[in-house]
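To keep things clear, I will list the structure first and then write my remarks on it.
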Amino acid sequence: MTGSFASADGKNQADALAKQISEATGYRFTYHSRHDHKNTNVTRFSYNCAQLCTRQHAPKKHAPTGKHHDKDRMDSFECHGWVTMWVCAGSQILFVRFNHALNHVPYFCIDVPDDVRTYVKNNPRLRPNQLWTEILKDYAKPQFSYRLIYYLWARQHQSEWKRDEDELKSTRILIDEYSCEAPGQSYHIQNVPMPEKADNGFTAVAFVTPNVIRKWGGKVCKIAMDSAWNTNGARYELYAILGEVYRSGCPLGYLLIQSNNGEAGQKEKYLRALLEHFNKTWEFRPIQSLTDKDIVEINTFIAALPAKHQLCFWHCLRAIKVRLATTGRHPAHYNVEEAFREFDWIDRSFVPINQVADPASIDLSVAQQALPSITFRIGGKIVSKAPEPLKLRIPIIQPSPAASSPNASPSTSEATSETGGQNQQLENFIDGIADLENPDDWDQEDGPDWLFEPGESVFANNKGYCFCPPPHRSRLLHIFAKHFCEHPALPGRDSELRTALQIRNDAVHEMYQFCHQRGLREVWGYMWTLWYSPEKWKLWARSTTPYLCRLRTTMTVENFWRHLKHGPLQHLHNPRLDQLVWVLITDIGPRIEAKMERWDDDFRAGRSRELTPLQKAFKAEWKKLAEAKINGSYETNIEQWTCSCGRQKYSPYLLCKHLVQAVEVPGPRFFQEVVRRRVAPFYRHPLLIAKGEAPFPDLDESQKSIRNGDDRPITGTAMAASLTARGYGKRKHSELDGPHDERHRQVARPVQGTADEPIVISGSSSPIHMSDAEDDEYEAARERVRKRAEELELAAKIMREQCELDSKIWVKSIDREKRGNDISLMLKDIRAFAPSTGATGPAKRRKTWATPGDKDSQRFTANTMGYQAPLPQVSRE
């Protein structure tokens, strides 16, 4: 053979001929081996059929034989397909031996065409998904896969982030490169030294973002930490520290750590090294830290930062919600002596079942149905829940028939059901907490390891054991949520100031009484040990700090993980460790910095600006409350921005409909400038004007800018003079000194409302109990339900009469439109849930919470949650 095969390199000649043979026969022949003959200039090249069964590669990992794979291997055959060539140096003649003994299925080529390879090479700035979109325009039905395009793209770009074959070594080199402020480098980082102990089983690298810290570090008063897995192929856990800037999470530093059977407690040293770097190098002094229930993160913040540590509201509720539905484990050991030393009214015999010395001598019965909550008032004042000497306290030990009757209405008390009349915003928040490990949310005998604390390892031997009966779980969550949100700076309906200590005393007493009256020994032991003991209380209760920080949950960190995994990492398949670090430095860092720049005060000065996500959510909530109907009268204080309705503490923006409707409708600039402060007054803005009062005098442009209240003091002599003239007075403390201790004088001001629903504005401030704050809303709902019941009785009578009169057209129309079908479904759910009159035993065990996305489950929960009376026997006429 001559022509194109003439080459000094015999391999090129052999490859070219093998390619032509493949095209002619339809079988793919791949290079196998080369052999140089001794004492001659002849070389032998061997090629085998790609579908030859004896030449298929064995899998790297041996999976179990019973495991099924979605994608099988390519078909192979015993075809004995070989092509052998002998090439003589300097000769243009090749000797070929061809052998193929079976006419099997031709080879289907899935290689990437040359023009596609060239396109990928010439467009380095496009991501793999963008390249694939453009390729599909020319190749509508490509035979090659997206994964091959990703492989080509990754090989082309690895020079940007790959410094060594060893991922850890390459990562450290990369961090050192970006730690130097080189000319033309738009973004740089700062390396954080880690503890050098190669024998503790941990390997870690860390760095911080100095650009962000220099620009916005002074605004950060609260930081959050969380970790994420599945961000890299090397199985390093990624920790991120985010600071609150403009109510959004701003990344301040990262830690990547890998454990190879690491020693217990050693991971905390690496996290502390990162936080101590903030303290020593940047003199970082936040007033609050925020994490989920990870004990390593909690201990790290407590040891490294002199700040109040706060557990995430969402994670707290989720942990309690899942634990209450886990029925098979006893709680950890309950230290009753510790509880009695602090609260001497606690019954020492009221302990979990496995701590009872003589079970036969103690009543261990548990209420299986929800009991009503009763609030006593004397002279219009709520009797304090915490027992005090010489004060009347009437405990409800057992449910009475009158209390369980739906018609019970004590004349000397205000009764509300345990689930009725709750704040709708809080209801939606609690119902939205999905149980990720148990999607159907049924009762479970056991749960995931993260749910249990040390000591909760004892399983119940009694098959009838139930940690917490379903009817009580919702109310327990609401009580805990109320205790979480209470704060001395927020007022209540009774205008009583309560200190942090009083809030704790009342909270412990309310939770204890709820459990004691219903026989919930296991629940009380769990609640005290893991939540209400002095050591645990200070971790989650907001009342333990004078500041009401803007973040209650770690959702800012969760949003960061979502943007990272569904953004730059979405199209990276198990990226290397150095590639992940390169993405964090060159992609995430500049993107976050550009976003924060757009929200800065001096961005595009004089031009209109878009609202931040926080401002958009605040505006939507404001407008919703502005249209809500007001029932009853409450004391509002526009100066301190507080209300005595009790709903304000549940709002993330500290808003309620009474405050929103007590001021004039603000202009658009209000939503661009207003900032929720951490101390009272929670909102200060010249457009917050009580109805019927004179507006602020004209301010020049420099004085209209409302700064981040508790970060920087408000300036402007005209505004200060106006505040003084209206009786607001001047603050004697700096913006971060904390709330005022003195009681504000009451100022009566007219507020627009309904004719028979006057609203009084005053300066009171004390939190109240949820059931008391929702009495009026519950009463209104009960009246609507009673009226609806009368209408349903009349409608049922009409249906029966029309059936007796044989009104065929009307009856068929009602049946076709399914009139009253929702009532039939409600009766069906209640029949499945509650025992009939005269039946013995508790209601049937069903799921406590509605399954997300399941309409039948959500309907069942809505129809049965809080149902108390047995199902009456109705005679059919």
Give the C-alpha distance, both sets of side-chain angles, the deciding distance and a yes or no for side chain to side chain contact (heavy atoms under 4.5 Å, CB included) between Phe343 and Trp528.
CA-CA 12 Å; Phe343 305 102; Trp528 173 266; 3.9 Å; yes
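- Of the possible donor and acceptor atoms, one in the side chain of Gln648 sits under 3.5 Å from a partner among the backbone N and O of Leu654.
- When the shell of 6.0 Å around CZ of Arg591 is examined, it contains more than 12 heavy atoms from other residues, nucleotides or ligands.
- Close placement of the Tyr526 and Phe467 rings is indicated, their centers lying within 6.0 Å of each other.
- Side-chain contact between Ser259 and Lys267 is absent, with no heavy-atom pair separated by less than 4.5 Å.
- Counting heavy atoms from C-beta outward, Ile298 and Leu311 have side chains that approach closer than 4.5 Å.
- Using a distance-only test at 3.5 Å, with no hydrogens or angles considered, no donor-acceptor pair links the side chain of His315 to the main chain of Thr553.
- Checked by atom type and distance alone, the side chain of Thr231 never pairs as donor or acceptor with a backbone atom of Leu580 at under 3.5 Å.
- Under a 3.5 Å cut-off, the side chain of Lys308 and the backbone N or O of Lys538 do form a donor-acceptor pair.
- Just one of Leu324, Val523, Val366 meets the side-chain contact (heavy atoms from CB on, under 4.5 Å) condition when paired with Pro469; it is Val366.
- With sequence neighbours excluded, the residues satisfying ring pair (Phe, Tyr, Trp, His ring centres under 6.0 Å) with Trp641 are Trp622, Tyr683.
- Although no hydrogens or angles enter the test, the distance criterion places no donor-acceptor pair under 3.5 Å between the side chain of Arg521 and the main chain of Cys515.
- The aromatic ring centroids of Trp537 and Trp540 lie less than 6.0 Å from each other.
- With Val192 as reference, Val208 is the one residue of Leu275, Val205, Val208 to meet the side-chain contact (heavy atoms from CB on, under 4.5 Å) rule.
- Both the sub-6.0 Å distance and the 45° axial angle are satisfied by Arg329 relative to the ring of Phe452.
- Classified by interplanar angle (parallel below 30°, tilted 30° to 60°, perpendicular above 60°), the ring pair Tyr512/Trp524 is perpendicular.
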